[in-house]
Amino acid sequence: MRQYISTLCLLLSAAFSVLSCMSEDESSVTLYDDTAITEFHIASAKIIRHTLSSTGEDSTFIVTDETISSYPFSIDHLRGEIYNVDSLPLGTDAEKLLCSYYTKNNGYVLIENIMNDSVKYLSTTDSTDFRVPRYVQVHASDNSAFRRYRITVNVRQEEKGLSKWTGMQDCDDFKVLNDMRLLVSGNTLYAIGSTGVNTVVYTCDVTDGNTWTAQNIALGADIYNNVAARNDSLFILDGETVKVSVDGGRSFAGLASATGLVRLVGCGTSELHAIYATGEPAVSTDGGRTWTVDNIEADNAADRLMLPAHAISYNCSAFKFNENTDYAVMAVTRNANDEHPVMWRKIMEYGVGGQPGKWVNISPADSYSHPLPAMKSLALFEFGGNRYAVGLQPNEDGSTTQPSPIYESRDGGITWKSNTKHTLPEGIDSSATSIAVCTAGDGNIWIVCGGTGQVWRGRLGI
């Protein structure tokens with residue numbers, strides 16, 4: 001309600017301003033009941049440039065670049081989308097962009113704040129923060145109607161075509177871990193691994209990567225395989241009891257017992273996902289307190305069950321085609337000798353009026369000869385709106401394992417392909433006993449390796 005009152009006040013103020021500027025001798029002004037944004041571009045931006053000093057050291061300086069206005073923006077009036085296909089140059093400060101636009105029939109353009117609960121005029125003289133997609137409203141000059149657009153300004157994050165990785169300090173504690181999971185919630189990275197006897201929890205700030213703090217708690221050996229993180233909360237499944245930690249993994253409190261669950265899989269913005277002992281998927285929409293059978297769709301009855309499950313890999317991240325929507329992908333390797341995991345996907349709308357989603361079995365026939373191979377320590381992660389997978393695969397003689405290529409899926413987990421643009425760190429140790437990956441909120445990808453203790457931070461080639 002606050003948004004609509006604010007919008008009305010702005011529009012009435014604008015209308016009164018126009019009328020007050022008119023003299024009695026001036027002819028009447030024609031007002032229109034339709035409008036649209038007909039052109040949009042970034043007029044000016046501050047860009048960080050790199051140079052070498054006289055001593056050969058790298059240094060940076062900032063320039064104000066107006067040639068950036070030549071980057072075209074597409075306008076999809078039907079879907080209400082404004083975006084640039086060609087990303088703005090590397091180093092562009094998206095927080096302070098000066099924009100320019102034109103409207104049909106002199107419509108007023110208001111921009112919603114980040115929380116979408118208030119609006120103000122979209123200025124062409126003051127900079128605007130486009131680090132995240134912004135929503136604007138263009139109102140007809142007679143105030144009878146408006147259109148809403150989402151403006152997405154894409155900025156190149158790394159040099160085109162290159163994957164860049166930075167090696168952090170090795171963590172000696174990780175060298176004794178057989179299996180690992182890596183999760184992120186807010187500004188905290190959780191490295192959770194098994195010693196073969198216990199599950200241990202380590203935390204690290206996403207701005208650091210070098211200092212990992214062991215939490216003074218010992219969990220069951222298989223707990224590492226039953227974890228999820230969201231909103232600064234770490235969830236685990238201990239037997240059939242769902243527990244939560246709100247202090248970074250130092251202590252856990254019970255949420256639900258005797259649930260009938262055998263595997264906690266992961267979580268999105270509004271849902272926690274698990275699997276019942278019956279093999280049916282389970283969902284909780286109240287933070288793990290109550291659980292019900294989740295919606296599911298498959299070609300036949302056998303494929304409706306997610307068990308047996310030798311290994312499960314999961315990723316849930318924002319759906320790039322819709323706001324307030326998550327997209328989850330799950331890879332279920334049923335037996336140790338399976339060549340390919342069974343793939344599942346689920347779309348979850350959590351905004352006002354959102355529709356319930358369901359798990360859909362991706363048939364092997366849909367993979368068009370490009371299914372994801374089954375691998376030890378398979379990890380799924382998101383980058384740039386697409387899904388990726390990496391794991392440990394056998395050497396040609398089958399005696400040991402080594403890190404696999406990075407597999408990319410551009411169609412939501414149906415087909416998976418590797419290419420030379422997406423590479424693991426050149427110095428990654430091939431003797432790792434496990435590999436775990438996650439993508440932080442700032443877009444950086446993190447890799448931790450059990451057995452070697454290596455920690456990497458980087459981005460994929462685009």
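Numbers here simply count residues along the sequence, with the first being 1. Reckoned from all heavy atoms, side chains included, excluding hydrogens, waters and symmetry mates.
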For the CZ atom of Arg457 and the CG atom of Asp208, what is their distance to the nearest 0.5 Å? 9.0 Å

Applying ring-ring contact (aromatic ring centres under 6.0 Å, His included), name anything that partners Tyr327, two or more places apart in sequence or on another chain. Phe319

Any sub-3.5 Å donor-acceptor pair from Tyr101's side-chain atoms to Leu122's backbone N or O? yes

I'd like to check Glu339 versus Pro371 (side-chain heavy atoms, cut-off strictly below 4.5 Å). Are they in contact? no

Quick one: which of Leu272, Thr269, Leu183 gives a side-chain contact (heavy atoms from CB on, under 4.5 Å) with Arg230? Leu272

Within this structure, what is the CG-CD distance for the pair Asn210 and Gln169, rounded to the nearest 0.5 Å? 4.0 Å

Could you work out, with side-chain contact (heavy atoms from CB on, under 4.5 Å) as the rule, every residue matching His77, not counting sequence neighbours? Ala36, Ile75, Arg147, Tyr149

Could you check whether any side-chain heavy atom of Ile151 comes within less than 4.5 Å of a side-chain heavy atom of Phe130, counting everything from C-beta outward? yes

Looking at side-chain heavy atoms only, is the closest gap between Phe383 and His422 below 4.5 Å? no

Hey, which of Leu424, Thr439, Ile445 is the one that makes side-chain contact (heavy atoms from CB on, under 4.5 Å) with Leu460? Ile445

Hey, does Met348 have a side-chain heavy atom less than 4.5 Å from the side chain of His273? yes

Close side-chain approach of Lys358 and Asp294, heavy atoms under 4.5 Å: no

Non-hydrogen atoms of Gly248 and Val201 that approach each other most closely: O-CG1, 4.4 Å

Determine whether Arg263 and Asn225 make a side-chain contact, defined as any pair of heavy atoms from C-beta on separated by less than 4.5 Å. yes

Sole candidate of Arg134, Arg150, Arg148 that passes side chain to side chain donor-acceptor pair (under 3.5 Å) when paired with Glu112: Arg148

How far apart are the closest heavy atoms of Thr124 and Ser100, and which atoms are they? CG2-CA, 4.2 Å

Please report the interatomic distance OG1(Thr103) to CD(Glu39), rounded to the nearest 0.5 Å. 11.0 Å

Are Asp205 and Thr207 close enough that a side-chain donor and a side-chain acceptor fall under 3.5 Å? yes

Intermediate values then yes/no, side-chain contact (heavy atoms from CB on, under 4.5 Å), Ser317 and Arg387: CA-CA 9 Å; Ser317 49; Arg387 270 63 190 175; 2.7 Å; yes

Is it the case that atom OH in Tyr102 sees more than 12 heavy atoms from other parts of the structure closer than 6.0 Å? no

Which of Asp34, Thr38, Thr35 passes side chain to side chain donor-acceptor pair (under 3.5 Å) with Asn105? Answer is Asp34

Distance only, no hydrogens: is a donor on one side chain within 3.5 Å (strictly under) of an acceptor on the other, for Asn315 and Ser313? no

Report yes if the side chains of Ile347 and Thr325 come closer than 4.5 Å at any heavy-atom pair, otherwise no. yes

Check: Ser141/Asn106 side-chain N/O donor and acceptor closer than 3.5 Å: no

Fit a plane to each ring of Phe381 and Tyr388, take the angle between them on a 0 to 90° scale, and name the class: parallel (under 30°), tilted (30 to 60°) or perpendicular (over 60°). parallel

Nearest 0.5 Å, what's the CE-CH2 distance between Met330 and Trp344? 8.0 Å

Note: Glu408-Lys421 ion pair, threshold 4.0 Å (strictly below): no

Given the rule in the side-chain contact (heavy atoms from CB on, under 4.5 Å) test, do Leu255 and Arg289 qualify, once you have shown the distances and angles that lead to the verdict? CA-CA 5 Å; Leu255 287 174; Arg289 294 171 180 81; 4.2 Å; yes

One pair to check against side-chain contact (heavy atoms from CB on, under 4.5 Å): Ser185 and Leu234. What are the steps and the verdict? CA-CA 8 Å; Ser185 181; Leu234 180 63; over 6 Å; no

If the test is side-chain contact (heavy atoms from CB on, under 4.5 Å), which one of Ile447, Leu380, Leu182 qualifies with Val437? Ile447

To the nearest 0.5 Å, how far apart are OG1 in Thr128 and NZ in Lys120? 6.5 Å

Taking atom CG of Asp129 and atom CD1 of Ile111, what is their separation to the nearest 0.5 Å? 8.5 Å

With side-chain contact (heavy atoms from CB on, under 4.5 Å) as the criterion, how do Gln454 and Asp170 come out once you've worked through the C-alpha distance, each side chain's angles and the decisive distance to 0.1 Å? CA-CA 5 Å; Gln454 286 187 322; Asp170 288 358; 3.8 Å; yes

